[in-house]
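Let me begin by presenting the structure, written as structure tokens, before commenting on it.
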Amino acid sequence: QVALVESGGGLVQAGGSLRLSCAASARTFRTYAMAWFRQAPGKEREFVAAINWSGDSITYADSVKGRFTISRDNTENTVSLQMNTLQPEDTAVYYCAASRRAEWAPRPGLHSKYDYWGQGTQVTVSS
């Protein structure tokens, strides 16, 4: 079993930045593909970004491309999401997810691909 704990959420004004972090409990973290999803009130959970086990393959949802950056530190068992130029439509609960597969491809947005999920962290962007 792998425990994922997100942190770094909060309230920020439009145009601001936040950095989310996800800490994983498993020593096997370095072999997992990782992803971030988000869920706004009344909406389905949607894919944000994914990174493969080594960090050299990354993909983003079109809505965050150029503004968000996913990264990982396999020595610290963490994955991060740097979010810049935040907009009110980015308001959501952000979830970290881990897949026992090393690669996110194909279909990184497929929820069933991910074996473990964090509890989520709230991000609120005011206009």
Side-chain angles (χ1 to χ4, degrees):
Q1 191 69 15
V2 176
L4 302 174
V5 180
E6 301 98 335
S7 62
L11 173 65
V12 64
Q13 289 188 333
S17 298
L18 280 175
R19 185 177 180 87
L20 305 182
S21 292
C22 173
S25 63
R27 289 175 293 176
T28 50
F29 167 83
R30 63 187 298 273
T31 66
Y32 295 167
M34 301 295 296
W36 287 95
F37 286 74
R38 66 186 182 185
Q39 187 166 20
K43 295 188 176 180
E44 293 188 354
R45 191 171 299 190
E46 67 173 1
F47 170 76
V48 175
I51 187 168
N52 75 332
W53 69 279
S54 62
D56 63 1
S57 181
I58 290 172
T59 187
Y60 297 97
D62 287 344
S63 58
V64 306
K65 202 172 294 183
R67 300 187 299 123
F68 290 12
T69 302
I70 188 172
S71 61
R72 67 188 298 158
D73 185 339
N74 286 346
T75 64
E76 297 289 335
N77 283 8
T78 59
V79 62
S80 298
L81 186 69
Q82 177 66 42
M83 306 185 294
N84 298 328
T85 320
L86 284 160
Q87 300 301 317
E89 52 267 34
D90 295 315
T91 294
V93 177
Y94 283 71
Y95 297 90
C96 174
S99 171
R100 290 194 292 264
R101 300 170 181 83
E103 303 292 336
W104 49 259
R107 302 183 68 185
L110 187 64
H111 295 187
S112 61
K113 176 185 292 288
Y114 299 92
D115 303 289
Y116 308 104
W117 294 80
Q119 82 290 347
T121 186
Q122 176 71 46
V123 171
T124 303
V125 185
S126 63
S127 57

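Just so you know, residue 1 is the first one in the sequence shown, and it goes up from there. None of the values given here were measured: they were computed from a predicted structure. Reckoned from all heavy atoms, side chains included, excluding hydrogens, waters and symmetry mates.
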Next item on the list: Flag the pair Leu110 / Phe47 as yes when at least one side-chain heavy-atom distance between them is below 4.5 Å, and no otherwise.
Entry: no
Notebook entry, point to check: Which heavy-atom pair separates Gly8 from Leu18 by the least distance, and what is that distance?
Noted result: O-CD2, 3.9 Å
Note to self: Please determine whether the number of non-hydrogen atoms from other residues, nucleotides or ligands lying under 6.0 Å from atom CZ of Arg107 exceeds 12.
What the structure shows: no
Check: Can you check whether Ser71 reaches Gln82 side chain to side chain, under 4.5 Å on heavy atoms?
Finding: no
Margin query: Around atom NZ of Lys65, are there more than 12 heavy atoms from other residues, nucleotides or ligands closer than 6.0 Å?
Written below: yes
Check: When hydrophobic residues are tied together by side-chain contacts of less than 4.5 Å, even through go-betweens, does Val12 share a cluster with Val48?
Finding: yes
Margin query: Looking at every non-hydrogen atom in both residues, tell me the closest pair between Ala23 and Thr78 and how far apart they are.
Written below: CA-CG2, 4.2 Å
Margin query: Within this structure, what is the CD-CD distance for the pair Gln87 and Gln13, rounded to the nearest 0.5 Å?
Written below: 12.0 Å
Item checked: Separation of Asn84 CG from Arg19 CZ (nearest 0.5 Å) -> 9.5 Å
Item checked: Side-chain donor or acceptor of Arg67 paired with backbone N/O of Thr85 under 3.5 Å -> yes
Note to self: In the structure I gave you, are the side-chain heavy atoms of Ser63 and Arg38 within less than 4.5 Å of one another anywhere?
What the structure shows: yes
Notebook entry, point to check: Hey, any chance Val123 and Leu4 share a hydrophobic cluster, counting ILVMFWY side chains that come within less than 4.5 Å of each other, even indirectly?
Noted result: yes
Margin query: To the closest 0.5 Å, what do you measure between CD1 (Ile51) and CG (Asp56)?
Written below: 8.5 Å
Next item on the list: Considering non-hydrogen atoms only, spot the tightest contact between Ser127 and Ala14 and give its length.
Entry: CA-CB, 4.3 Å
Item checked: Heavy-atom pair with the smallest gap, counting every atom of Val79 and Cys96 -> CG1-SG, 3.8 Å
Notebook entry, point to check: If you round to the nearest 0.5 Å, how far is CG of Leu86 from OG of Ser126?
Noted result: 10.5 Å
Next item on the list: Measure across Tyr94 and Leu81 and return the closest heavy-atom pair with its distance rounded to 0.1 Å.
Entry: CD2-CD2, 4.2 Å
Margin query: Would a single hydrophobic cluster contain both Trp53 and Tyr60, if residues Ile, Leu, Val, Met, Phe, Trp and Tyr are joined by side-chain heavy-atom contacts under 4.5 Å?
Written below: no
Margin query: Does Arg45 have more than 12 heavy atoms from other residues, nucleotides or ligands lying within 6.0 Å of its CZ?
Written below: yes
Item checked: Donor-acceptor under 3.5 Å (Asn77 side chain, Ala26 main chain) -> yes
Next item on the list: Look at the side chain of Arg72 and the backbone N and O of Ala33, then say whether any donor-acceptor pair between them is shorter than 3.5 Å.
Entry: no
Next item on the list: Please check if the side chain of Arg101 supplies one atom and the backbone of Lys113 the other of a donor-acceptor pair under 3.5 Å.
Entry: yes
Note to self: Hydrophobic clustering (ILVMFWY, side-chain heavy atoms < 4.5 Å, transitive) - are Val93 and Met34 grouped together?
What the structure shows: no
Check: Will you find, in the side chains of Thr124 and Gln122, an N or O donor that is under 3.5 Å from an N or O acceptor?
Finding: yes
Next item on the list: Quickly, which of Tyr114, Tyr32, Tyr116 forms a side chain to side chain donor-acceptor pair (under 3.5 Å) with Arg100? Name it, please.
Entry: Tyr116
Next item on the list: Report yes if the side chains of Leu20 and Glu6 come closer than 4.5 Å at any heavy-atom pair, otherwise no.
Entry: no
Next item on the list: State whether the side chain of Trp104 and the backbone N or O of Ser57 hold a donor-acceptor pair below 3.5 Å, judged by distance alone.
Entry: yes
Checklist line | Atom of Lys43, atom of Gln39 and distance for their closest heavy-atom approach | finding: O-NE2, 3.1 Å
Item checked: Within one Ile-Leu-Val-Met-Phe-Trp-Tyr cluster: Met83 and Ile70, side-chain cutoff 4.5 Å -> yes
Notebook entry, point to check: Does the gap between the ring centers of Trp117 and Phe37 come in under 6.0 Å?
Noted result: yes
